[in-house]
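Reading through the structure tokens given below for one structure.
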Amino acid sequence: METKVNITSEIGKLNAVILHKPGVEIERMTPENIHSALYSDILNKRIVDSEYANFCGVFEKCTTTYYVTDLLKQLLKDEQLRMEIVSKSCKYDSCEYLIDELLQHTPEQLADELITGFAYRKGKDPDIYETERYILKPLYNLFFTRDASSSIYNQVLIHPMSYQVRKRESLIFDSIFRNLFKCETIHPQRYVSTAGTEGGDTLIARHDTLFIGTGSRTNKNGINFLVEKFRKERPQFNILVQELPQTPESFIHLDMVFTFLDKHYCMAYKPIIAQNLGNLHTYHIKIDNGEAKYIEKTNFLQGLKDLGFDMKPISCGGDEYWNQQREQWHSGANFFALDQGKVIGYSRNNNTIEAMNNAGFEVLKAADVVAGKDSPFDHKMCVVTFDACELPRGGGGARCMTMPVNRDEVEW
């Protein structure tokens, strides 16, 4: 790959991104297994395909776009990598007896099986697998490419993932970055066995600052790992931590309540980020010449200000608490920056989009960008909106569905 990993902010011009088009794996859920698959409802793939086409079409117009399936097929052409990926995948799902059979498959067939699952065959596979239907589990959540890894400066953090059903995602991204992008990967649990981190909780704010959420997925041991890593590597560094509610599931990650829009605007679910309803802890970990100091903050916005981020929050859901709750539920705070002041997100969150428009963001339609009728780069500030009713039911938005690889530097 000519692309080198380099992410020093959330808003620098995007030069490369990794996406995954939702495949038949999302149809392999039933009412019995949706909760173990980490969903709350079953998605309609035909509608998902239409919605996702406009989403990924914007990226294909705006930047270099890689797809997980294509990258995985490339990896599986290498005999040694095929052995590594298949062996570990089968170990995760306790089906090592399948290894030799899977290794005989073509890279194309094997990539499909590793993503969409390998079905139980009555009379051929052990009966203990019959009730599960899939021996090698489908990667139901793979289109949320954000979670299993984080491009963090010139390295990639490979997240251990909180649930077994997503472990193979980390394996795939680790192999992609090590072998195709030739990048060093960092595994928190190789250093701290109980460390928990995920990409939705990890925001690269600036060359000297990370924002981290801690809740149902990222734990204190994961944060302690990051503190130790940067305490050893950088004389001056900051980590701003926001505690999140454990329930409901819409608060799964920090990027569900806060995302960057540009240097001066952020999207915020104000009940948590500004008002701190629920008495959630916010603290600044200041690393100074190897020493880490913990400083409690009133709320996340105060922490931003104290770190020199002069940012005006735009309210997810607008000014009414009722609307804020409704729109946060469907990823109303989850935006992704294509460049400074040029972001993409769901059109369905009407009050959020109106608040952005009132702040000076022109509203573009993703379909117009895909058709070449408009471009976000022709506007100083804009929000590209794409229609979606099924995708939000998966539990994530535009930032959740993107894995940025390279951005331009930002002058703060």
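Because the structure is a prediction, the values reported are computed rather than measured. Side chains included, hydrogens not; waters and symmetry mates left out as well; all remaining heavy atoms used. Sequential numbering from 1 along the given sequence is applied to the chain's residues.
- Aromatic pair F386/F55: ring centres closer than 6.0 Å.
- Between D93 and R168 there is a salt bridge, since a side-chain N of the basic residue sits under 4.0 Å from a carboxylate O of the acidic one.
- Side chain to side chain, T65 and E60 fail the donor-acceptor criterion of an N or O pair below 3.5 Å.
- Inspection of the S175 and E84 side chains reveals no N or O donor paired with an N or O acceptor under 3.5 Å.
- Screening residues 36-48 for salt bridge (Lys or Arg N to Asp or Glu O under 4.0 Å), with sequence neighbours left out, gives D41-R393, K45-D49.
- Rounded to the nearest 0.5 Å, atoms CG (L244) and OH (Y269) are 12.0 Å apart.
- Contact check on D208 versus R206 returns a salt bridge, with a Lys/Arg side-chain nitrogen under 4.0 Å from an Asp/Glu carboxylate oxygen.
- Residues L261 and I314 are in side-chain contact: their nearest non-hydrogen atoms beyond the backbone lie under 4.5 Å apart.
- One distance of note links CZ of F260 with OH of Y265; it measures 15.5 Å at 0.5 Å rounding.
- Atom CD of Q109 is surrounded by more than 12 heavy atoms from other residues, nucleotides or ligands within 6.0 Å.
- N406 and T3 form no side-chain donor-acceptor contact under 3.5 Å, judged by distance and modelled atom types alone.
- Under the side-chain hydrogen bond (donor to acceptor under 3.5 Å, both in side chains) criterion, N154 pairs with no residue at all, not counting sequence neighbours.
- When all heavy atoms of G396 and Y346 are compared, the closest pair comes out as O-OH, 2.6 Å.
- Scored by the side-chain contact (heavy atoms from CB on, under 4.5 Å) test, Y163 finds L38, V165, R217 as partners (sequence neighbours excluded).
- Between the side chains of R28 and Y134, at least one donor-acceptor pair of N or O atoms lies under 3.5 Å.
- Among the candidates K124, R121, K122, the single residue satisfying the salt bridge (Lys or Arg N to Asp or Glu O under 4.0 Å) test with E130 is K122.
- In this structure, M403 and L19 have side chains that are not in contact, with every pair of non-hydrogen atoms separated by 4.5 Å or more.
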Check: residues 71-79 side-chain donor-acceptor pairs under 3.5 Å, at least two apart:
| from | atom 1 | to | atom 2 | distance (Å) |
| --- | --- | --- | --- | --- |
| D78 | OD1 | Q80 | N | 3.0 |
| D78 | OD1 | L81 | N | 2.9 |

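- Judged by distance alone, the side chains of N351 and E327 do bring a donor and an acceptor atom under 3.5 Å apart.
- A donor-acceptor contact shorter than 3.5 Å is absent between the side chain of S150 and the backbone of I152.
- With no hydrogens or angles considered, no side-chain donor-acceptor pair links N334 and H253 at under 3.5 Å.
- In the displayed structure, E32 atom CD is contacted under 6.0 Å by at most 12 heavy atoms of other residues, nucleotides or ligands.
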Check: residues 218-226 side-chain donor-acceptor pairs under 3.5 Å, at least two apart:
| from | atom 1 | to | atom 2 | distance (Å) |
| --- | --- | --- | --- | --- |
| T218 | OG1 | E198 | N | 3.1 |
| T218 | OG1 | D201 | OD2 | 2.7 |
| N219 | OD1 | G196 | N | 2.9 |
| N219 | OD1 | N221 | N | 3.2 |
| N219 | OD1 | G222 | N | 2.7 |
| N219 | ND2 | T194 | O | 3.0 |
| N221 | ND2 | T194 | OG1 | 2.8 |
| N224 | ND2 | K220 | O | 3.3 |

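- Heavy-atom neighbours of K229 NZ from other residues, nucleotides or ligands within 6.0 Å: above the threshold of 12.
- How far NE2 of H281 is from OH of Y294: 14.0 Å, rounded to the nearest 0.5 Å.
- Under a 3.5 Å cut-off, the side chain of K270 and the backbone N or O of C316 do not form any donor-acceptor pair.
- No donor-acceptor contact under 3.5 angstrom links the side chains of S149 and H159, judged on distance only.
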* Residue pair D310, K305: steps toward the salt bridge (charged side-chain N to carboxylate O under 4.0 Å, His left out) verdict -> CA-CA 6 Å; D310 181 19; K305 183 177 179 180; over 6 Å; no
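- Relative orientation of the F336 and F59 rings is tilted, given thresholds of 30° and 60° on the angle between their planes.
- T185 and D174 share a donor-acceptor pair across their side chains, judged by distance under 3.5 Å alone.
- Between W412 and F309, the two ring planes are perpendicular [angle over 60°; tilted spans 30° to 60°].
- The pair K297-D306 meets the salt-bridge criterion, with a side-chain N (NZ, NE, NH1 or NH2) lying under 4.0 Å from an Asp/Glu carboxylate O.
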Under 3.5 Å, sequence neighbours excluded: what are the donor-acceptor pairs made by side chains of residues 7-14?
| from | atom 1 | to | atom 2 | distance (Å) |
| --- | --- | --- | --- | --- |
| T8 | OG1 | E409 | OE1 | 3.0 |
| S9 | OG | I11 | N | 3.2 |
| S9 | OG | G12 | N | 3.0 |
| E10 | OE1 | R399 | NE | 3.0 |
| E10 | OE1 | R399 | NH2 | 3.2 |
| E10 | OE2 | I204 | N | 3.0 |
| E10 | OE2 | R399 | NH2 | 3.0 |

